[in-house]
J.: 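This is the structure I want to talk about, given as structure tokens.
Here the structure is a predicted model, which means the values were calculated and not measured. First listed ligand is number 1; within each ligand, the first listed atom is number 1.
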Amino acid sequence: MSILISGASIAGLTAAQRFSARGAEVTVVERAPALRRNGAPIDVRGTALDVAADMGIRDTLAAHETGAAQRSAFTHIVDDNGERVGALPTELPQDSPDDLEIFRNDLIDVLHASIGPNVTFVYGDSIQEVTDTGDAVEVRFASGRAGRYELLVGADGIHSNTRRLVFGPEDRYRRHLGVYYGILSLPAELGSDGEAYLYSVPGRSVLIGDYPERTYGGFLFLSPEIAYDYHDIEQQRQLVFDTYSAVQGWKVAELLDALKQSEDFYLDSASQVHMDRWSRGRVVLLGDAAFAPSFFSGRGTPLAMIGADVLAREWATCDGDLGQAFGRYEQAMRPQVHRAQEGVPQARDRVIPATREAIEARNRQWPPVR
Ligand SMILES: Cc1cc2nc3c(=O)[nH]c(=O)nc-3n(C[C@H](O)[C@H](O)[C@H](O)COP(=O)(O)OP(=O)(O)OC[C@H]3O[C@@H](n4cnc5c(N)ncnc54)[C@H](O)[C@@H]3O)c2cc1C
């Protein structure tokens, strides 16, 4: 029998490599028609670097470093006219001296390339039904295919399909933090000097991050949960147009123009996932599906990589006792997850202050650096 992983992103790809390196026969099913390579720069830090070293990809990742070390450690806050009126410290405290920042597409590519030919990838399909028979997990896919596995790993993100099918509805576990974030690549001319800039009006901010090889933009806005189709990009684009239609300062018009043309726009809720248990029978959740710390934490990616490594190691040494393996996985991960999930609301309020007064107070607290 073999292992089925749902989701081919950071958690799923790392798990595929880690399980197959320990002799498992692995199949990865990804709902999208190909790897999803969009997104902003993300951090690989602390123990995740040791995982990368074990996978043999640490040097390759280091070669893709965005050059964050050469930037100033601030996101400059600008006013309507682009004048610097504040500076937010960008960096989280370092987990290790070698912490890396890397574009998400590079990380996805490097993880994918580290996986041997014995792992089977199935794109454009999704699990529709899961039955745990005690000695196996029987799965039926949307395509009509069926399979029987020793273990199902749900690594399918904050809106996890595996979690919904096995643990119940999303609203039991996912906590929307009152913010949506949209990320897109920008034409290079919208960047300027290799720095990051943030512009805020009450409840709505925009961000431009400029890097030698790429410039990206972000729309970050306060909003209660909105019902929309996670798979409908046009609907998400419209949501941003509507939210920013009355915002005119700085480069907002250019950002909205870029959004019209964007081919890699990604929007999601900044959410955390909190669950009492990450496993049930032969099904276990990993990464954002189990313990998303949110966009603001900077730790979703390292936690997903570390979790995949711990899970595969415990599986390989549990002598068939999955309950014991999953228990040890939770024991190892819970304290790290807890640390990553706390402190997030303060970060949110600094990046997207709700009122004019809160914007002014923030700018006074974090005065500009020249
Ligand atoms: C396209 C994209 C862009 C992102 N951009 C950023 C960013 O700019 N900044 C940031 O902080 N975080 C971003 N994230 C989230 C970030 O990748 C995660 O927080 C973190 O790396 C943990 O990864 P994960 O593998 O657990 O979840 P995710 O990276 O969310 O991956 C989940 C994977 O599961 C797949 N999936 C979903 N439903 C199904 C299903 N039914 N069947 C099979 N597969 C399914 C998804 O297509 C995706 O590939 C992005 C995620 C995605 C998918």
J.: To check your reading of the model: name the closest protein heavy atom to atom 25 (O) of ligand 1, its residue, and the distance in Å.
T.: Ala11 N, 2.9 Å
J.: Within 45° of the six-membered ring axis of Phe167 and under 6.0 Å from that ring's centre, is NZ or CZ of Arg163 located there?
T.: no
J.: I'd like the name of whichever of Ala40, Ala290, Ala15 reaches closest to atom 8 (O) of ligand 1 through any heavy atom.
T.: Ala40
J.: Starting from atom 41 (N) of ligand 1, what is the nearest protein heavy atom, named by residue and atom, and what distance separates them?
T.: Ser126 OG, 2.9 Å
J.: Give the residue and atom name of whichever protein heavy atom lies nearest to atom 35 (C) of ligand 1, and the separation in Å to one decimal.
T.: Glu30 OE1, 3.3 Å
J.: Check whether any N or O atom of Gly12, backbone or side chain, sits under 3.5 Å from an N or O atom of ligand 1, and answer yes or no.
T.: no
J.: Residue-level breakdown please: for Ala155 versus ligand 1, do any non-hydrogen atoms fall below 4.0 Å on the side chain, on the backbone, on both, or on neither?
T.: backbone
J.: Heavy atoms only: which of Asp156, Val122, Ile108, Asp125 lies closest to atom 34 (O) of ligand 1?
T.: Asp156
J.: Using atom types as modelled and distance alone, determine if a side-chain donor or acceptor of Arg148 lies under 3.5 Å from a backbone N or O of Val137.
T.: no
J.: May I ask you to check whether Phe219 and Tyr244 place their ring centres under 6.0 Å from each other?
T.: yes
J.: Using only heavy-atom distances, determine whether the side chains of Glu101 and Thr66 contain a donor-acceptor pair under 3.5 Å.
T.: yes
J.: Output the list of atoms in ligand 1 that are nearer than 4.0 Å to some heavy atom of Gly300, sorted by atom number.
T.: 20 (C), 22 (C)
J.: Heavy-atom contacts under 4.0 Å between Arg104 and ligand 1: side chain, backbone, both, or neither?
T.: side chain
J.: Considering non-hydrogen atoms of the protein only, which is the closest contact for atom 18 (C) of ligand 1, and what is the distance?
T.: Asp288 OD2, 3.1 Å
J.: Could you tell me the residue and atom name of the protein heavy atom closest to atom 51 (C) of ligand 1, and the distance to it rounded to 0.1 Å?
T.: Tyr266 OH, 3.4 Å
J.: Numbering the atoms of ligand 1 from 1, which are under 4.0 Å from a heavy atom of Gly7?
T.: 34 (O), 35 (C), 43 (C), 44 (N)
J.: Only heavy atoms of Ser6, strictly under 4.0 Å: list the atoms of ligand 1 that pass.
T.: 42 (N), 43 (C)
J.: To which of Phe295, Phe265, Tyr181 does the heavy atom nearest atom 14 (N) of ligand 1 belong?
T.: Tyr181
J.: Give the atom numbers and elements of ligand 1 that come within less than 4.0 Å of a heavy atom of Gly287.
T.: 26 (O)
J.: What pairs of residues pass the salt bridge (charged side-chain N to carboxylate O under 4.0 Å, His left out) test when at least one of them lies in residues 334-356, not counting sequence neighbours?
T.: Glu330-Arg334
J.: Hydrogens and angles aside, do Tyr197 and Arg84 bring a side-chain donor and acceptor to less than 3.5 Å of each other?
T.: yes
J.: Okay, side chain of Arg299, backbone of Ala292: is any donor-acceptor separation there less than 3.5 Å?
T.: no
J.: Flag the pair Tyr228 / Tyr230 as yes when their ring centroid distance falls below 6.0 Å, and as no otherwise.
T.: yes
J.: Return the closest protein heavy atom for atom 43 (C) of ligand 1 as residue, atom name and distance.
T.: Arg31 N, 3.2 Å
J.: Return the closest protein heavy atom for atom 27 (O) of ligand 1 as residue, atom name and distance.
T.: Gly157 CA, 3.7 Å
J.: Going by an N to O cut-off under 4.0 Å, is there a salt bridge joining Asp98 and Arg58?
T.: yes
J.: With heavy-atom distances below 4.0 Å as the criterion, list the atoms of ligand 1 near Val29.
T.: 43 (C), 44 (N)
J.: Would Asp109 and Arg37 count as a salt bridge (charged side-chain N to carboxylate O under 4.0 Å, His left out) if you check the C-alpha gap in whole Å, the side-chain angles of each, and the deciding distance to 0.1 Å?
T.: CA-CA 8 Å; Asp109 289 346; Arg37 300 174 63 262; 2.6 Å; yes
J.: Give the contacting part of Ile183 toward ligand 1: side chain, backbone, both or neither, where contact means a heavy-atom distance below 4.0 Å.
T.: side chain
J.: Is ligand 1 under 4.0 Å from a heavy atom in the side chain of Ile158, in the backbone, in both, or in neither?
T.: neither
J.: Is it true that Arg174 and Glu225 make a salt bridge, defined as a side-chain N closer than 4.0 Å to a carboxylate O?
T.: yes
J.: Checking contacts here: is it the side chain or the backbone of Asn161 that comes within 4.0 Å of ligand 1, counting heavy atoms only? Could be both or neither.
T.: side chain
J.: Please report whether the ring centroid of Phe221 lies less than 6.0 Å from that of Tyr181.
T.: no
J.: Answer yes if the side chains of Glu83 and Trp250 hold a donor-acceptor pair under 3.5 Å, and no otherwise.
T.: no
J.: Please confirm whether Gly39 comes within less than 3.5 Å of ligand 1 when only nitrogen or oxygen atoms on both sides are compared.
T.: no
J.: Which ligand 1 atoms, with their elements, are less than 4.0 angstrom from a heavy-atom of Thr301?
T.: 20 (C), 21 (O)
J.: Ignoring angles and geometry beyond distance, decide whether Asn38 reaches within less than 3.5 Å of ligand 1 through its nitrogen or oxygen atoms.
T.: no
J.: Of all the non-hydrogen atoms in the protein, which one sits nearest to atom 29 (O) of ligand 1, and at what distance?
T.: Ser9 OG, 2.6 Å
J.: Can you tell me if Tyr199 and Asp80 form a side-chain donor-acceptor pair at under 3.5 Å?
T.: yes
J.: Please work out which of the three classes, parallel, tilted or perpendicular, describes the rings of His112 and Phe121, given edges at 30° and 60°.
T.: perpendicular
